[in-house]
Asks: 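Let me begin by handing over the structure; questions about it come next.
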Amino acid sequence: MSNRVSKNASSEDWLVTDLNSEQSAAVSCTEGPVLILAGAGSGKTRVLTYRIAYLLQNGLAEASEILAMTFTNKAAGEMRERVAKLVPNRMSGMWIGTFHSLFARLMRREGERLGYSSNFTIYDESDQIALLKKVLSDMHLSVQDFPPKMVSFRISAAKNRLLLPDHLLEEAENQLDTVVANVYRNYQNRLLELNAMDFDDLLIKPIELLQRFPLVAGYYQDKFRYILVDEYQDTNHAQYILLKILAAKHRNIAVVGDDDQSIYRWRGADIRNILDFEKDYPECKKFRLEQNYRSTRKILAAAHSVVKNNRQRHPKELWTDKPEGENVVLLEVESDLTEAHHVVARLIREFKGGQRNFYDFAVLYRTNAQSRVIEEALRRENVPYIIVGGVKFYERKEVKDVLAYLRFLSNQTDAISFRRAINYPARGIGDATADKIEDFARLQKLTLVEAMKRVQEIGSIQIRTREKIESFSKLVQKYASLKSELSPAELAAALVDEVGILRYLKEEGTIEAANRMENVRELLLAIAEFSSQNGRSATLDDYLQQVALTTDLDTLTDRTNAVTLMTLHSAKGLEFSVVFIVGLEEGLFPLSRSIQDPPALEEERRLFYVGATRAKEKLYLSWSRYRRRYGENLHSMPSRFIKELDPTTTDAESTLRPFRIERRRSAYHDSVDSPMPNYEDQTQENLEYRVGMRVAHEVFGKGTIVKIDPGGEHAKLLVMFDTAGKRRLVLPYAKLEIL
DNA sequence: TCGGGCTCCGGGTGG
DNA sequence: CGGAGCCCGA
């Protein structure tokens with residue numbers, strides 16, 4: 001998309017030259033509530049960014065009076081970048097970011113009123129589960145009777161409905177409800193004691209704050225003269241209430257969304273928020289962006305022919321002045337293995353036939369488990385690929401372990417991080433001992449570090465164990481005092497070195513341990529990058545907050561010359577020239593559990609719509625008559641979505657002729673005479689390594705370089721090893737031999 | 001306290 | 001089939 005605007009152009013010029021008439025109407029209608037129904041690929045980010053630029057350019061608002069919220073860091077970053085291009089140097093003081101990061105900021109400023117100090121820790125799901133297990137055990141409840149995951153799900157649902165433990169207790173209908181309500185109360189009390197908030201708290205605690213302190217509410221209501229919200233269809237009830245409170249004074253709230261792309265219902269998103277916006281703000285102005293700038297007519301028509309079967313939606317149909325394009329290709333195959341083979345064969349054919357790079361292709365699936373056969377087929381053909389999702393970087397054990405130390409230094413009452421750190425690497429302090437320290441700290445109202453200092457006052461701890469605790473305590477105190485002198489990067493590097501984490505891993509000598517070492521190094525590198533990007537004023541607390549609110553999706557760049565494999569959910573907001581959606585079978589897509597549940601089925605249909613509209617030029621859909629799931633070869637029927645497709649937009653192709661592929665764990669493939677052209681990446685630096693080069697690693701064996709992240713001496717390599725799979729290596733440590 | 005073996009179960013997951 | 005989590009023995 002052309003995005004150029006000369007600095008001197010008046011705002012009226014942009015409205016005419018860069019926007020279509022509906023877009024420019026939506027941008028310039030600044031006063032009062034605005035609902036912008038923006039279909040897939042209709043330029044919604046453009047409208048949001050131009051709207052912000054328009055407000056600034058015309059002196060309608062100072063930067064500090066604008067609040068712009070998105071769901072993902074990636075979307076927030078993109079918005080920030082694009083506004084900066086339109087109106088350079090005007091963004092200082094603007095609140096632009098994700099819901100969670102903006103409200104975390106608000107709580108760091110104001111949370112003291114609710115009993116949190118500004119360095120509170122943000123707990124992710126696994127921290128939540130760990131804390132819940134503690135609470136359950138304190139209440140003498142067994143995890144068999146009350147699985148922490150189930151309890152956590154119910155607590156989260158209650159929080160999203162803004163129900164307090166007392167409310168839950170009142171409406172309890174059985175013993176389980178009562179127990180959940182009581183666990184909820186204790187869990188919430190513990191979070192406060194630990195100075196921690198979970199993701200839900202980042203939304204509901206601000207509500208509590210704004211409701212209990214009208215002066216604070218008044219300040220922010222006054223401050224945020226203009227509010228903009230992206231992906232409004234995915235807001236949950238808490239977010240809805242927050243927006244309602246903040247917009248109460250000026251009522252200048254512009255929301256952008258597409259009910260057809262609401263795919264987070266199971267996570268509390270309430271599609272009624274967008275469907276009922278006009279009821280909440282009867283004076284609102286409504287704009288519809290129905291011109292699509294992304295896909296061919298065939299692709300749009302096919303996608304529409306499916307989603308129009310939903311009952312819960314604003315009726316609408318996108319149009320485009322793009323060419324008609326090719327029909328959607330529907331592949332019927334025999335098995336998941338042949339599906340993978342045919343998808344990859346088609347992909348290679350498209351690659352060779354057109355002016356396309358590998359990053360123009362995506363393979364999308366409903367479940368992560370489907371990625372493996374595709375991966376193996378791509379590896380066999382030596383096609384570079386990246387997988388988005390799966391086990392996330394910051395959720396890996398070794399990464400969480402290192403972060404636990406840093407989090408504990410930052411918040412010395414954080415018992416969850418304390419538990420991880422105190423016995424990693426194993427230093428002979430067990431659960432029973434850690435419990436005693438925690439109990440003592442709670443009883444005496446001490447931080448855990450203070451409690452450890454007075455370990456001799458805690459009864460029934462053996463002298464040997466006490467010595468171990470003292471040494472751990474000294475370590476923590478040492479680094480806590482260094483916190484103000486060293487940058488987060490220096491601190492983390494010194495700590496990892498002193499604790500000996502890399503040395504322990506090296507001793508293990510396994511492939512897994514080597515991989516964990518790489519992850520620890522990459523974490524240190526990420527902290528260093530954070531320090532250099534944010535300058536010396538960036539604190540450890542700042543880093544930890546950023547990490548807590550970051551996911552893998554944010555680091556996905558389009559420069560990697562590789563095919564993207566990911567779930568349909570991860571694909572939202574992205575676009576590719578050629579898209580393959582695989583596994584279109586009843587029970588898989590739509591998933592079996594949604595088939596009996598009409599709203600869930602509609603959500604599956606929207607998911608299909610999201611996937612299909614990612615494609616710019618060509619869309620492939622495939623289904624397999626047999627699929628291996630749970631170790632069995634299950635017979636499948638084609639997805640109902642296939643039957644709903646407008647037949648004039650598709651070409652069905654059967655590939656059921658006999659075709660055998662061996663099922664192998666990992667296909668060793670020597671690429672000396674690779675059938676593929678070289679994967680030249682023009683962006684790489686002048687390093688001794690090149691993309692496509694064959695290398696050998698002492699532990700991982702032989703492999704091919706798939707990607708090089710420049711960064712001077714800290715460059716990172718992504719290597720696809722023949723047997724060990726894809727590995728990320730940090731150059732100074734990589735010790736690769738060029739073959 | 002720790003690691004190995006065994007059982008159980010199966011979905012997507014922004015921040 | 002494969003991964004996660006639990007239990008039990010060393």
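Numbered from 1 within each chain, the chains take letters A, B, ... in sequence-line order. What's counted below: heavy atoms across the whole structure, side chains too, no hydrogens, waters or symmetry copies.
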Asks: What's the CG-P distance between L549(A) and dT13(B), to the nearest Å?
Replies: 19 Å

Asks: Over how many whole Å does the gap from Q546(A) atom CD to dG14(B) atom C1' extend?
Replies: 16 Å

Asks: With P as the reference atom in both, quote the distance from dT13(B) to dA4(C) in angstrom, rounded to an integer.
Replies: 15 Å

Asks: With both distances under 3.5 angstrom, what nucleotide forms a Watson-Crick or G-U wobble pair with dT1(B)?
Replies: dA10(C)

Asks: Rounded to whole angstroms, how far apart are NZ on K397(A) and P on dA4(C)?
Replies: 13 Å

Asks: Looking at E231(A) and K44(A), does any basic side-chain N land under 4.0 Å from a carboxylate oxygen?
Replies: yes

Asks: Classify the side chain of N73(A) and the base of dG14(B) as holding, or not holding, a donor-acceptor pair under 3.5 Å.
Replies: no

Asks: Taking the P atom of each, how far is dG12(B) from dG5(C), in whole Å?
Replies: 15 Å

Asks: Indicate, with yes or no, if the rings of H569(A) and Y264(A) have centres closer together than 6.0 Å.
Replies: yes

Asks: In whole angstrom, give the distance that lies between atom CD of E125(A) and atom P of dT13(B).
Replies: 11 Å

Asks: In Å and rounded to the nearest 0.5 Å, what is the OG to CG distance from S101(A) to L549(A)?
Replies: 6.0 Å

Asks: Need one value for F99(A): base, sugar-phosphate or nothing, where a base atom within 4.0 Å counts as base even if backbone is also close, heavy atoms only.
Replies: nothing

Asks: Polar atoms only, N or O, under 3.5 Å: list the protein pairs with nucleotides 2-6 of chain B and their distances.
Replies:
unit_1	atom_1	unit_2	atom_2	d
dC2(B)	OP1	G428(A)	N	3.4
dC2(B)	OP2	N423(A)	ND2	2.7

Asks: Is any side-chain heavy atom of D230(A) closer than 4.5 Å to one of F71(A)?
Replies: no

Asks: Just one of F589(A), Y609(A), W623(A) clears the ring pair (Phe, Tyr, Trp, His ring centres under 6.0 Å) bar with F641(A), so which one?
Replies: F589(A)

Asks: To the nearest Å, give me how far apart CD1 (I469(A)) and P (dT1(B)) are.
Replies: 10 Å

Asks: Give me, pair by pair, the N or O atoms of the protein and of nucleotides 9-12 of chain B that are less than 3.5 Å apart, along with how far apart they are.
Replies:
unit_1	atom_1	unit_2	atom_2	d
dG11(B)	N7	R593(A)	NH1	3.1
dG11(B)	O6	R593(A)	NE	3.3
dG11(B)	O6	R593(A)	NH2	3.4
dG11(B)	N2	R366(A)	NH2	2.6
dG11(B)	N2	E604(A)	OE2	3.0
dG12(B)	OP1	N368(A)	N	2.9
dG12(B)	O4'	R366(A)	NH1	2.9
dG12(B)	N2	W266(A)	NE1	3.3

Asks: Nearest-Å distance, CG (L337(A)) to C1' (dC1(C))?
Replies: 13 Å

Asks: When you compare the side chain of R516(A) with that of L505(A), does any pair of heavy atoms fall below 4.5 Å?
Replies: yes

Asks: Classify E632(A) by what it touches in the nucleic acid, base, sugar-phosphate, or nothing, heavy-atom distance under 4.0 Å.
Replies: nothing

Asks: For Q370(A) and dG2(C), give me the distance from atom CD to atom C1', rounded to whole Å.
Replies: 16 Å

Asks: Would you say N423(A)'s side chain and I429(A)'s backbone share a donor-acceptor pair under 3.5 angstrom?
Replies: yes

Asks: For residues 138-149 of chain A, dump all side-chain donor-acceptor pairs below 3.5 Å to protein atoms at least two apart in sequence or in another chain.
Replies:
unit_1	atom_1	unit_2	atom_2	d
S142(A)	OG	D145(A)	N	3.1
S142(A)	OG	D145(A)	OD2	3.2

Asks: Are any side-chain N or O atoms of Q239(A) and backbone N or O atoms of F99(A), one a donor and one an acceptor, separated by less than 3.5 Å?
Replies: no

Asks: Going by purine N1 to pyrimidine N3 plus the second Watson-Crick contact, or the G-U wobble pair, all under 3.5 Å, which nucleotide sits opposite dC6(B)?
Replies: dG5(C)

Asks: To the nearest angstrom, how far is Q144(A) atom CD from dC8(B) atom P?
Replies: 12 Å

Asks: Tell me whether the side-chain N/O atoms of R372(A) come closer than 4.0 Å to OP1 or OP2 in dC1(C).
Replies: no

Asks: Whether Q462(A) contacts dT1(B) is assessed here as follows: a side-chain N or O lying under 4.0 Å from the phosphate OP1 or OP2. Is that the case?
Replies: no

Asks: Hey, which sits more toward the 5' end of DNA chain B by its nearest nucleotide, A432(A) or F71(A)?
Replies: A432(A)

Asks: Distance-only, no hydrogens or angles: does the R606(A) side chain make a donor-acceptor pair with backbone N or O of Q261(A) under 3.5 Å?
Replies: no

Asks: With a 4.0 Å cut-off on heavy atoms, is T433(A) in touch with a base, just the backbone sugar-phosphate, or nothing at all?
Replies: sugar-phosphate

